[in-house]
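Before any comments, here is the structure.
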Amino acid sequence: MAVGRGMREVTLDVVPLYWDEAQARLMLLDQRRLPHAEEWLACANAAEVARAIREMVVRGAPAIGIAAAYGVALEALALQHSDNWPAALQPAIDQLAASRPTAVNLFWALKLMGEALQRHARQADLPQRLLQLAEDIHQADIEASLSMGQLGAELIARHDRHPQRLMTHCNAGALATGGYGTALGVIRAAHAAGLVECVHVNETRPWLQGSRLTAWELLREDIPLQLNVDSAAAHLLKAGDISWVIVGADRIAANGDVANKIGTYALAVQAMHHGARFMVVAPTSTIDMQLDCGEDIPIEERDAEELLVLNGQPLTVPMPVCNPVFDVTPADLIDVLVTEKGIVERPDADSLAALMSRDRLH
Ligand SMILES: CSC[C@H]1O[C@H](OP(=O)(O)O)[C@H](O)[C@@H]1O
């Protein structure tokens, strides 16, 4: 899939979801099966999309928002001849909103779809308009990732033009977005510019987004990596030869605090202590200007089974479990935020407000 309206053509090796025009279905690459199998799930309505989000068939803040947008379009196509059309769509939107609580992109996309629904409620082609909006949201996300990749790689080059050792956490790659990726988008662009000696990939327990998803993406493109257990990150940073820790985000509060995969906060403290720069890469659809600070971000708790069972096999015996799957990194631990609207050094409330008032760079 080649993309890039008015931008350099980039071939996207991995796209985690697409609209199947012939079947009128949303196709999702089942990320629970990767890297061992590439299986696609066809979604016919909003309930199936909501379940796929909840069960992490599709995951990653931007990808969740895009999938939810297609979910609204799917439901509109299914309900367009029902009695109380288009009011009948609201339960589906509510069901999608209830699928996962932390990634604000989900609510951002549903808000856009809801506004379009109101604006075009009396149009006979309302379902087609909603589908076009979902496709536009998807395309805009890909273009945002391409822009952020370039901006982040140029920033890395400004600090040091030699090949460098980088570290990433979880999966903020093509699989977490509409394609190309946020943190991995920067790593892809940096690798293309000859700036990557090695990517240290944190396995990211318990769901293993690093060892199963990020590693799968990097191996496919021959981007050099080394996998490590999460608890080795501090030891690796202590050696002093990792120049950047680069991560994605699920929700960024108005003061610059960042919610991301559990373990990100510890990584930011370790990076600060050992002199590695900390880069967060996220489209502005991840910024929640309605939340003053990170302590207000809802943190998802997932099932105990994620810690106790792996691939259907018990890892240990049943016991009480605490499984928060996100944490909040205070803005003062973040060296730079890369968005499609530009770069913010040392993000805070003022610089984020200024960023959000900017137009997109291109
Ligand atoms: C580009 S956003 C990716 C973001 O989402 C991941 O969470 P999950 O796999 O639970 O959806 C993780 O926080 C990544 O940084």
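As a basis for the values below, the full set of heavy atoms in this structure was taken, side chains included, without hydrogen atoms, waters or symmetry mates. For ligands, and for the atoms within them, numbers begin at 1 and follow the listed sequence.
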_Neighbour list for ligand 1 [protein residues, heavy atom under 4.0 Å]_ = M56, R59, G60, A61, P62, R100, C170, N171, A172, A176, T182, Q209, A249, D250, N260, K261, F326
_D332: which residues meet the salt bridge (Lys or Arg N to Asp or Glu O under 4.0 Å) condition with it, sequence neighbours left out?_
none
*asked:* Please give the remaining members of the hydrophobic cluster of L175, linking ILVMFWY side chains under 4.5 Å, ordered by chain and number.
replied: V14, Y18, M27, L29, L34, W40, M56, W207, L213, W216
_Closer than 4.0 angstrom, basic N to acidic O: yes or no for D359 and K341?_
no
*Determine the minimum heavy-atom distance between L352 and A253, stating which atoms define it.*
CD1-O, 3.3 Å
*Using the rule that two of Ile, Leu, Val, Met, Phe, Trp, Tyr join whenever any of their side-chain heavy atoms come within less than 4.5 Å, decide whether L333 and V258 are in one cluster.*
no
*In chain order, what residues pass the salt bridge (Lys or Arg N to Asp or Glu O under 4.0 Å) check against R100, with sequence neighbours excluded?*
E300
